[in-house]
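Encoded as structure tokens, the structure appears first; notes follow it.
We use all heavy atoms of the structure for the numbers below, so side chains are in, but hydrogens, waters and symmetry mates are not.
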Amino acid sequence: MKAFIYRRVDTATRAAAAAVKPGAKIIAGGTNLLDLMKLQVETPSALVDINALPYDKIEDTPDGGLRIGALVRNSDLAADSRVRKRYGVLSRALLAGASAQLRNKATTGGNLLQRTRCYYFYDVTKPCNKRNPGSGCAALAGFNRIHAILGASDQCIATHPSDMAVAMRALDARVETIKKFRLIEQILTAEDEELTPTMKLKRNLVNRKYKELIDGMYADA
Amino acid sequence: MDEPESTRAPDTIEITRRTVVETGTTALLLTALPRAALAAAPVDDSEPPSPAVKIDLQINGRSHSLTLDPRTTLLDALREHLALTGSKKGCDHGQCGACTVLIEGRRINSCLTLAVMHNGQSVTTIEGLAEAGKLHPLQAAFVEHDGFQCGYCTSGQICSAVGMLAESRSGMPSNVTADLAEPQPELTDAEIRERMSGNICRCAAYPNIVAAIKQAAEMPT
């Protein structure tokens, strides 16, 4: 495993700020990411541990649905009485995958964000456009038992490995992400303190200077 | 500004006290880092590389302070840093279950999680199951039913079974549970086999493992 900086964050703001840094990866359950890091398919320079964030709840929505936090563990989601009664296919899909130990650790968000299980993606000695864009696809003429029949391309025939995602799709589930933004009334140039002479954003300075504006976006969340 | 290369003096670098101090610090920092850490040196210099992280773990009821490279898996922390070699390393990729331990009472694969992610949490390993010299009911049942041959998977099997029985008692369903709405699915042989499917036994002692777990499951808790 390549070395990395480990950082545990306790707010979404801090997580977002840490995760946008080059080479940073978010870790929650880690059952997919650490596996890939051991094989050096993933080589993050920083890991942002988000397990302390308050997204581990399953809440009822006013229209009779469920809002599932990204950090809800697979086993807790499968065992939830509301999911079992109303969305049995979701419980079934979760229980059909992995093992109890993995489901106790793996999260809902991580399940959706897991990488493909394509053998050639895992094998760093083989070409793979997903792992190393432009290197080619070894799966096209290789062993393709688990690969795509529909929706494939000449560049990649990998599939998404999630059973849970299939059930969620069948149930018309939607993914909610933080999408708020604020505009400042100024076009930034290299003369401004926010940018470097090569027009790169000075993130730390921006975080400090616009703290109120940024905090405001999270205030009513 | 546009001074031609050739007219520039070859040694225009002015050595000040500060440059010497900075160079000295950098040199010190470099020697203190392992080679792997240098390869993945972070781009963002606002966060210097931090190879070691200090954590506290409650292991089998005892408090342990550890200073670890963040790459250390929980399994390696137990085996290599605390000499708790009961938890075994089989596949090291979360597939065999030999490394199963309990975190806050829930079974997980200790090979697929970082020790630093469990700061402040309680870990139970095979070494912590017996109380006052008396074997845990599952340990006793494994001996009685000869639930192993070589024994390499046994500590994982037993820790996993402890977690599994707790899951079963809390009403968690499995992939073979016929009725998801049943709040307390009965722990049949088929249920035990499915729920223990994250633990592989290369000697195939499965019939005896199931018998041992069945006996322990019927004992009052």
- Where do Y6(A) and P70(B) come nearest, in terms of heavy atoms and distance? CB-CB, 3.7 Å
- With the side chain counted from C-beta on, respond yes when Q101(A) and N199(B) share a heavy-atom pair under 4.5 Å apart, and no when they do not. yes
- Note on the structure: When the 4.5 angstrom heavy-atom criterion is applied to E167(B) and chain A, the contacting part is side chain
- Query: Using non-hydrogen atoms and a limit below 4.5 Å, what part of residues 106-113 of chain B faces chain A?
  - Reply: R106(B), R107(B), I108(B), N109(B), C111(B), L112(B), T113(B)
- Message: Can you tell me how far apart CG (L34(A)) and CG (L74(B)) are? Round to the nearest 0.5 Å.
- Response: 11.5 Å
- Looking only at heavy atoms, what is the nearest atom pair of A78(A) and P173(B), with distance? O-CG, 3.9 Å
- Note on the structure: Smallest heavy-atom separation, G198(B) atom then S99(A) atom, equals CA-CB, 3.5 Å
- Answer yes or no: does atom CD of E59(A) have more than 12 heavy-atom neighbours from other residues, nucleotides or ligands under 6.0 Å? yes
- Query: With a 4.5 angstrom heavy-atom cut-off, which part of E182(B) approaches chain A: side chain, backbone, both or neither?
  - Reply: backbone
- Item | Toward chain B, the part of A93(A) with a non-hydrogen atom under 4.5 Å | neither
- Greatest number of non-hydrogen atom pairs under 4.5 angstrom with chain B, of S75(A), G30(A), G29(A), G23(A), falls to S75(A)
- Message: Quick check on the interface: out of N119(B), V116(B), V176(B), who has the most heavy-atom pairs with chain A under 4.5 Å?
- Response: V116(B)
- Where on R8(A) is there a heavy atom nearer than 4.5 Å to chain B: the side chain, the backbone, both, or neither? side chain
- Query: Taking every heavy-atom pair that is under 4.5 Å apart, which of R73(A), K38(A), K85(A), R103(A) has the most such pairs with chain B?
  - Reply: K38(A)
- Note: vs chain B, highest number of non-hydrogen pairs under 4.5 angstrom among N32(A), N51(A), D76(A), L47(A) is D76(A)
- For residues S174(B) and R92(A), report the shortest heavy-atom separation together with the two atoms involved. O-NH1, 4.1 Å
- Task: Give, as side chain, backbone, both or neither, the part of D49(A) having an atom under 4.5 angstrom from any heavy atom of chain B.
- Result: side chain
- Of the listed residues (Q95(B), H93(B), M164(B)), which shares the most heavy-atom pairs with chain A below a 4.5 Å separation? H93(B)
- Message: Does Q149(B) have more than 12 heavy atoms from other residues, nucleotides or ligands lying within 6.0 Å of its CD?
- Response: no
- Query: Would you find more than 12 non-hydrogen atoms of other residues, nucleotides or ligands less than 6.0 Å from Q40(A) atom CD?
  - Reply: yes
- Item | Which portion of D92(B) sits near chain A, non-hydrogen atoms under 4.5 angstrom | both
- Item | CZ/R67(A): more than 12 non-hydrogen atoms of other groups inside 6.0 Å | no
- Query: In Å and rounded to the nearest 0.5 Å, what is the OG to CG distance from S91(A) to N175(B)?
  - Reply: 10.5 Å
- Message: Which one wins on heavy-atom pair count under 4.5 Å against chain A: M117(B), M196(B), M172(B), R195(B)?
- Response: M117(B)
- Message: Quick check on R202(B): does its CZ atom have over 12 non-hydrogen neighbours (other residues, nucleotides or ligands) under 6.0 Å away?
- Response: no
- Quick one: which of L102(A), V83(A), L95(A) has the most heavy-atom pairs under 4.5 Å with chain B, could you say? L95(A)
- Task: Check each atom of L114(B) against the heavy atoms of chain A and say whether the ones under 4.5 Å are side chain, backbone, both or neither.
- Result: both
- Message: So for atom NZ, which belongs to K202(A), do other residues, nucleotides or ligands contribute more than 12 heavy atoms lying within a distance under 6.0 Å?
- Response: yes
- Query: Side chain, backbone, both or neither: which part of T73(B) has a heavy atom under 4.5 Å from chain A?
  - Reply: side chain
